Every structure is written in structure tokens, then in C-alpha cells.
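Note that the coordinates shown come from a computational prediction; the quantities given were computed from them, not determined experimentally. Sequence lines set the chain letters: A, B, ... in the order given, protein chains first and strands last, and positions in each chain run from 1.
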2 protein chains.
Amino acid sequence: MLEGLMKKEDQEVSRRDLIKGVGIAAVGAGIVSVGGLGIVSKAQAKGRKFDVKKAGDVAYKQYGKVFCAETVAQGLVEAGGIKGLDPSNVFWGHGGVVGWGTACGSLIGAGMVIGHVVDDKKLAQMVVNDVMAFYAYNTLPIYTPKKAIIAEISSATKAGTPLCHISVGRWMKKENVAFFSGPRKERCGRLSADIAIKTAELLNQVADGKYKPTHPINAKTYQITTQENCSDCHGGNTPDLPG
Amino acid sequence: MLEGLMKKEDQEVSRRDLIKGVGIAAVGAGIVSVGGLGIVSKAQAKGRKFDVKKAGDVAYKQYGKVFCAETVAQGLVEAGGIKGLDPSNVFWGHGGVVGWGTACGSLIGAGMVIGHVVDDKKLAQMVVNDVMAFYAYNTLPIYTPKKAIIAEISSATKAGTPLCHISVGRWMKKENVAFFSGPRKERCGRLSADIAIKTAELLNQVADGKYKPTHPINAKTYQITTQENCSDCHGGNTPDLPG
């Protein structure tokens, strides 16, 4: 974890580095003594806590000044007091990576923060996986500001996929607005808040040692990497599941 | 740029921070004097150079130990001598984000490095955009090792999209192999090398002040975020271009 950073002379040393360096296999079990470098407490080893409400509020309020990927990262950085991670580094994630409509940038922003704060990369990927599933299978946006910043909106939709193109397209169709419109921006700001909140909740579960992965790995289920919304593209010709 | 990092007491300060702090608007024009913090040379302001061959070789050789997103980041970090960016932070990008088949992880790994080293975030997004287009519109993999590490392969395919699902699916069909197979891994290792190489080339152009963006922003062209491979999903019912 970044919050497990410890000073050794002028150099920051992450817990991962410490663990790699001294060959400690067990992580987060009570107090871990690390050579001459000090003590990593259970809390430090498992992560820091996030102010969930702040994560959403900051992500929502910054949207418009910056876009989905950066604003989610910004919300999480501020809500978690994270040092050493510049949210603007992931600016390019907007619109499913610079407008290519691939993974919603909010998910890439969340991924960057999760990868930064969760040392165990296999654990980090499970958290990202569950945020992806949350995005795909919930009717969003959920977040409702006291007062809309950009525009009033009335629709919420289930994307059925983490793809920006389909997600925003479905919402635009229901709300009957253009991509370059105030309501669409408002929707993406609120949705960014949803992703920041969900990510903060899951990272808090990690920090408390209570996180349990929920969504299976799609590539294993389908024997190919996939978004699970097969009929959206394959129509009635969706390939059979293997096995 | 990270290579514009300068020490101020124990704290690393990026050129972006310096510029924000002292309100310098013109960037990279000759020698820039920054308060009492020292001198940022033209070379530092515009970026560092990457060993292009090394970027590809490292990305290829690490694949299998790690996956697409991390191996591209690893190749670029080693080829550019980048400090302060842990490639394993983007492990989760593999398989188009944990096997969801969205943006190929190699592109997310490249994006993380580009965002980290290019201070101007609008410039960074154009570089990412051009790497996306390179991935979509070239027959890959190009990279050919002297000796295959995982398996011999014979096919190369044009994805027509940055989506992992379609990209790897087309290649698997042509090569007639399963996703969880040696040849598919070999293909993704070589493709990762291609993306690391292309990214290193573009970042070297940025460093030399010779980079010119080539691919337009899809969201502006189509008035919705999109991968441009419209008929792959819409078939004959692809919506008309706006305007």
C-alpha cells in the first residue's frame, strides 16, 4: 500500500518492496516485523480507509473540469488521502480511452487507484473485476446530488457491459439527448461518483480484511475474454459456451 | 515528465508541480528557470528518450511471467529508465481489464506510462489515441523473436478495433487455437512488444519535439464514443454518421 510507505533515508520504500526484499510470505497477519526498517502494522498492511461519501462527492463535483477517469481517481485520492499518485495521469481514459468507447474511463481511473494501493496484484485484479461487474449490472447513475451541477436528468440505465459506447449509448437513447450535451455530461459525472463510491467501499472491505470477490473471471467462464453481453453483437448467433 | 523530477529536500517535485507553482505558461522553450528550485532543460521539459528495441524485447520476454498490461509497462519503464512507476500496478489490465475483453491491456499499460511521463495531459491523450489506432489498424503481431519463448505461431491479423475480445478472437480463429493455449499467449507476448515499441517511438518523437498527432478523436467524428468497427456489432444496421 502506498500508506505502507516508510522512509529509509530519503527513499520511499513500499511494503511490496519490503516484502520482496526480506521474503515475507504471510501478509497482513498481525504485526509484521521487517528487518531493520521498522514495523508494518496490520492496518498498514491491509490498506487505508476511504471516506466513501467524499469519494463520490469529489468525483461528481470535479466532473466537467476533468472527465470520468481522472475524476474517479481524484475522488479516491482525496477520500483516501493517497500520496504520490497524480489523478491527471489517467486523463486519457475518458470516453473509454480517448473516446474509443472501450472500458468506461471511470473503471480505468478506479483501476489505477486500486493497483496503486493494493499491493497484492491478484487481489487488486479481483477488486477491479468486481467494480467492472458493478458497473455492468446495476442501473446507473445512482448518485443524486442535492443540486445538479451541469443539468437535470431523469434516466438511469443498466449497461450490461463495461463498454462506454454501449453504456452511454443506451442512456442517451433513453434520455433522448446527444453525446455532446449537458445532460450526458451530468450522467457521466454522477456515474463517476457511483464508481468512486463502490471502489471506496470495496477498498474499505480490503482494509478491514472483509473483502470477498464476487464476480468470476470472464475469460475462464467463456474461454475467451469477453464482456458477457454476447447477443448485443452476435445477435442470435452467439457461440455456445464451451464444455 | 518524470525525468523532470527534481529533489527539494526529501520530496520529489514534478515539472508539472513546478509549473503550477510558479505560473510558467511556456513549456519546453529553451531553458526554463524555476524559482529557487533549479533549472529544467529543454530535454527534461520535453521528455526522456526510450531504447525502442529494449522496450519490445523486455515486453516480449516478460510476457508469461506477467500479462499484457504489466509487460508493456515493464518494457517501457526499463527502456526509458523511468523511476517511481511500478509496472505491477497495472497487472489488472490483462485480457481487456481482468478478462472482460475491453481495451487490450497492452494499451492500458502503455496509457499508464504515457500519462506518467507526458505532463501535458492533452498531449498525453493524443499519444494514447495514436497507439490505439496503431493497434486497431495494423496486422499484428509484427515483432518476431529470434527464438519463440512459448510457442511457434504463424498468423497475424488486423483487429479493426482496440477491443481485446475481437482482436484475440480473430487471431484465434485464423490460427485455430484456444484462448488458453501456448500459441495464443505467444501472440499476445509479441503483440505486447509491438505496442511497447510503438509507444516508445511516439514518446521519442515527443521528446524530440517532432510528434504530430495522426488519428482524429473518435467521439468528435461519430458524435459518440466508439471503436469505429461499427458493422462488427451493428451489421447492416449501422447508424448513419451525424451531420
Minimal non-hydrogen separation, [X] against [Y], with atom names:
| X | Y | value |
| --- | --- | --- |
| B/I224 | A/G169 | CD1-CA, 3.9 Å |
| A/G96 | B/M132 | O-CE, 4.5 Å |
| B/N218 | A/G99 | CB-O, 3.4 Å |
| A/F179 | B/T225 | CZ-CG2, 3.5 Å |
| A/Q227 | B/G101 | NE2-O, 2.6 Å |

In terms of heavy-atom proximity below 4.5 Å to chain A, should [X] be classed as side chain, backbone, both, or neither?
| X | result |
| --- | --- |
| B/A136 | side chain |
| B/V66 | side chain |
| B/A103 | both |

Query raised in the report: Between atom CD1 of B/I114 and atom CG of A/N89, what is the distance when rounded to the nearest 0.5 Å?
Result: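 Between atom CD1 of B/I114 and atom CG of A/N89 there are 11.5 Å.
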
Query raised in the report: Rounded to the nearest 0.5 Å, what separation is found between the CH2 atom of B/W100 and the CG atom of A/N229?
Result: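 Between B/W100 CH2 and A/N229 CG, I get 9.0 Å after rounding to 0.5 Å.
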
**Report entry** Aromatic plane relationship, A/H234 with B/H165 - under 30° parallel, 30 to 60° tilted, over 60° perpendicular
**Finding:**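 The rings of B/H165 and A/H234 stand perpendicular, inter-plane angle above 60°.
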
Sub-3.5 Å donor-acceptor pair from the side chain of [X] to the main-chain atoms of [Y], do we have one?
| X | Y | value |
| --- | --- | --- |
| A/Q125 | B/V98 | no |
| B/Q223 | A/F180 | no |
| B/W92 | A/G111 | yes |

Part of [X] lying under 4.5 Å from any heavy atom of chain B:
| X | value |
| --- | --- |
| A/V90 | neither |
| A/N129 | both |
| A/M126 | neither |

Query raised in the report: Among B/T102, B/T226, B/V128, which has the most heavy-atom pairs under 4.5 Å with chain A?
Result: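 The answer is B/T226.
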
Query raised in the report: Taking every heavy-atom pair that is under 4.5 Å apart, which of B/A178, B/P162, B/G235 has the most such pairs with chain A?
Result: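 Among the listed options, the one with the most contacts to chain A is B/P162.
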
Query - Among the listed options A/E228, A/E70, A/R184, the residue most often paired with chain B at heavy-atom distances under 4.5 Å - result: A/E70

